[in-house]
2 protein chains.
Amino acid sequence: MNQYIQPSASTASSRIYDTLRKDLVNGRFAAGEKLAINALKDQYQVGLSPLREALNKLAAYGLLLQENQRGFRVPTLSHRELDDIAQTRLSLEGMAFEQAIAHGDAAWEAELLAAEHRLKCADMTLDKDDEWERLHTQFHRTLVAPCGSVWLLRFIEQLHDQFDRYRRLGPKMPVIRQELDQQHHELVELALKRDVKAARKLLDEHIRKSYDVALQRFTQHGEGAPNKR
Amino acid sequence: MNQYIQPSASTASSRIYDTLRKDLVNGRFAAGEKLAINALKDQYQVGLSPLREALNKLAAYGLLLQENQRGFRVPTLSHRELDDIAQTRLSLEGMAFEQAIAHGDAAWEAELLAAEHRLKCADMTLDKDDEWERLHTQFHRTLVAPCGSVWLLRFIEQLHDQFDRYRRLGPKMPVIRQELDQQHHELVELALKRDVKAARKLLDEHIRKSYDVALQRFTQHGEGAPNKR
DNA sequence: GCCAGATAAATAATCGATTTTTTTAAATAT
DNA sequence: ATATTTAAAAAAATCGATTATTTATCTGGC
């Protein structure tokens with residue numbers, strides 16, 4: 001009797017998973033922080049069982065650390081790990097982009113243009129970044145979507161979340177933001193022209209520029225981990 | 001007062017996770033099968049909560065599919081996905097192996113020799129494959145260990161599990177097994193010689209040969225999914 | 001005979017309470 | 001004062017039962 005078929009009817013567990021994932025990527029929790037499950041339960045108004053199931057999934061996904069008999073904690077941040085994430089993202093996303101350019105069809109081209117336009121518009125009209133972030137993720141997802149490998153896409157998605165955890169802590173830099181937006185446009189152009197070499201090169205630069213922003217967080221406050229606790 | 005520090009004291013949840021992961025990779029459950037949680041609970045003698053937490057983790061890891069309100073099922077097998085897994089493994093493991101050869105030190109060389117020797121011995125003395133499989137996984141892990149990227153290693157591990165899910169269904173082929181063992185030896189030799197080009201090429205061949213074995217399962221029974229239900 | 005709707009059975013998800021383990025605090029001895 | 005043991009508090013993990021949802025079965029109308 002459902003009016004519309006639900007893609008996957010939500011459960012308390014899946015809802016709290018989505019919420020926590022977003023909050024973790026957005027840096028709502030301090031790096032290294034131990035999660036107080038009971039507090040979370042009250043904060044998010046959710047039962048213990050669904051909460052624990054979500055935390056388990058997040059740990060398997062890499063957004064939490066789990067230590068037997070002593071719960072969950074937020075992974076610390078380190079210059080070294082940021083390098084790893086950025087470098088791996090460079091490799092995998094670059095690889096996927098090349099494949100996508102080789103295989104993407106007309107529908108993909110249309111999606112690319114649409115995604116870039118949506119992103120550009122959001123940038124102008126909205127003030128709070130939430131929607132922009134969503135569209136930004138969606139844009140990069142579209143770039144590599146027709147690469148042909150489900151597993152590669154899965155890993156890229158995971159790396160994106162990891163990368164964003166660092167990037168969103170970085171300072172707001174309107175100038176660089178504008179440059180990044182410009183690159184988004186050029187990425188689409190090169191993809192449409194099927195210029196694999198140039199496209200890959202630009203994607204590399206794009207990620208590196210983003211990396212520079214994220215890195216500020218570390219060079220500013222000295223080496224090590226800028227954790228609260 | 002613990003005599004030895006436990007690396008991470010086991011919990012019911014972590015134990016059932018390990019067990020199920022192994023059983024899933026070993027094809028103990030039919031592809032596409034819906035998991036009857038209550039039956040599992042009795043079979044494995046474990047409570048509902050730890051079991052569900054383990055299933056949630058396995059779903060996030062990619063060894064199970066989770067659909068809200070209708071539980072968990074074992075992913076189906078397909079020629080197409082095997083191709084994807086093999087190809088992605090080829091890319092990532094190849095990349096990691098090259099890096100490992102570039103960065104691996106003397107300790108790594110020692111570990112390599114040790115791992116290959118252990119594998120060779122297990123092959124001769126033991127009849128049941130369980131220990132061989134463990135050592136085989138360990139050998140490949142060692143090959144790429146010093147690649148420098150935690151995330152790459154993580155993905156490779158995941159792909160290995162996925163690949164093995166297919167490989168272990170394939171027929172026993174002693175001749176090919178012997179060829180694969182020979183390649184293990186040669187991989188170590190090339191790694192020690194730091195011959196990146198040749199090493200990568202051989203690893204490619206090695207994975208491809210393994211892939212051929214796994215593929216039998218599909219070409220034998222015709223295209224599609226060789227599922228029970 | 002076949003389909004829509006209602007009912008019953010089975011299964012998934014969640015809750016509330018209990019048990020186990022770790023962490024913190026206090027007490028005692030060196 | 002410092003270290004070691006003991007006791008108390010807090011937190012994590014697990015259990016047993018309840019609730020919600022899906023799946024299977026039945027019924028009457030066409």
Side-chain angles (χ1 to χ4, degrees), chain A residues 1-21 24 29-30 32-61 63-75 227-229, chain B residues 1-21 24 29-30 32-61 63-75 227-229:
Chain A
M1 189 59 73
N2 297 354
Q3 281 195 287
Y4 301 105
I5 296 143
Q6 305 281 16
S8 186
S10 83
T11 61
S13 176
S14 72
R15 279 193 301 272
I16 188 63
Y17 173 84
D18 289 338
T19 305
L20 282 174
R21 174 178 155 176
L24 283 163
F29 300 94
E33 174 183 349
K34 165 113 176 274
L35 293 186
I37 297 193
N38 273 316
L40 287 185
K41 188 170 75 72
D42 299 339
Q43 261 190 259
Y44 289 94
Q45 288 290 317
V46 71
L48 196 61
S49 310
L51 177 56
R52 282 189 60 88
E53 291 189 4
L55 294 175
N56 271 281
K57 269 198 279 199
L58 287 164
Y61 185 70
L63 279 173
L64 284 178
L65 293 174
Q66 182 171 23
E67 209 179 344
N68 286 342
Q69 312 284 21
R70 54 199 64 161
F72 299 85
R73 59 176 55 246
V74 181
N227 312 327
K228 303 229 176 96
R229 175 85 286 260
Chain B
M1 189 56 70
N2 297 355
Q3 281 194 287
Y4 300 105
I5 297 143
Q6 305 282 14
S8 185
S10 83
T11 61
S13 176
S14 72
R15 279 193 301 274
I16 188 64
Y17 173 84
D18 290 338
T19 305
L20 282 174
R21 175 179 153 175
L24 283 164
F29 300 95
E33 176 183 349
K34 165 111 177 273
L35 292 187
I37 298 192
N38 274 318
L40 286 185
K41 187 171 77 73
D42 299 338
Q43 261 191 256
Y44 289 95
Q45 289 289 319
V46 71
L48 197 62
S49 311
L51 177 57
R52 282 190 60 89
E53 291 189 5
L55 293 175
N56 271 282
K57 269 198 279 198
L58 287 164
Y61 185 70
L63 279 173
L64 283 179
L65 293 175
Q66 182 171 23
E67 209 179 344
N68 285 342
Q69 311 285 18
R70 51 198 66 160
F72 300 85
R73 58 176 57 248
V74 181
N227 310 327
K228 302 231 180 95
R229 177 81 288 260

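Lettering of chains follows the sequences in order, A, B, ..., and the numbering in each one begins at 1.
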task = Specify the separation, in whole Å, of atom CG of N38(A) and atom C1' of dT14(D).
result = 14 Å
Check nucleotides 19-24 of chain C against the protein and report each pair of N or O atoms closer than 3.5 Å, with its distance, or say if there are none.
none

query = CG of L58(A) to CG of D18(A): how many Å apart, nearest 0.5 Å?
reply = 9.0 Å
ask   = Atom CD1 of I16(A) to atom C1' of dC15(C): distance rounded to whole Å?
value = 16 Å
request  = Heavy atoms only: give me the nearest S13(A)-A54(A) pair and the separation to one decimal.
outcome  = O-CB, 3.9 Å
query = Pick from K57(B), Q66(B), E53(B): which one makes a side-chain contact (heavy atoms from CB on, under 4.5 Å) with K57(A)?
reply = Q66(B)
ask   = For the pair made of CD in E67(B) and P in dA13(C), what is the distance, rounded to whole Å?
value = 10 Å
remark   = Here the residues of residues 47-56 of chain B within 4.0 Å heavy-atom distance, strictly under, of DNA chain C are L48(B), R52(B)
query = How far does NZ of K34(B) sit from CG of L65(B), to the nearest 0.5 angstrom?
reply = 13.0 Å
ask   = Given atom CG of D42(A) and atom C1' of dG16(C), what is their separation to the nearest angstrom?
value = 14 Å
key: Non-hydrogen side-chain atoms of L40(A) and F29(A) separated by less than 4.5 Å   = yes
inquiry  = Per the side chain to side chain donor-acceptor pair (under 3.5 Å) rule, what does the pair list look like for residues 39-49 of chain A, sequence neighbours excluded?
reply    = D23(A)-Y44(A)
task = Return the angle between end axes of the helix from dG1(C)-dC30(D) to dT30(C)-dA1(D), with five pairs used per end and rounding to 10°.
result = 10°
ask   = Atom NZ of K41(A) to atom C1' of dA12(D): distance rounded to whole Å?
value = 13 Å
inquiry  = Rounded to whole Å, please give me the gap between CD1 in I37(B) and C1' in dT21(D).
reply    = 13 Å
query = Of all residues at least two apart in sequence or in a different chain, which pass the side chain to side chain contact (heavy atoms under 4.5 Å, CB included) check with R70(A)?
reply = E67(A)
key: Donor-acceptor pair, side chain of N68(A) and main chain of A9(B), under 3.5 angstrom   = yes
task = Please check if the side chain of S14(A) supplies one atom and the backbone of S10(A) the other of a donor-acceptor pair under 3.5 Å.
result = no
inquiry  = Just to verify, what does I37(B) make a side chain to side chain contact (heavy atoms under 4.5 Å, CB included) with, not counting sequence neighbours?
reply    = L48(B), L51(B), R52(B), L55(B), F72(B)
Sugar-phosphate only, base, or nothing, as touched by L35(B) at under 4.0 Å among non-hydrogen atoms = sugar-phosphate
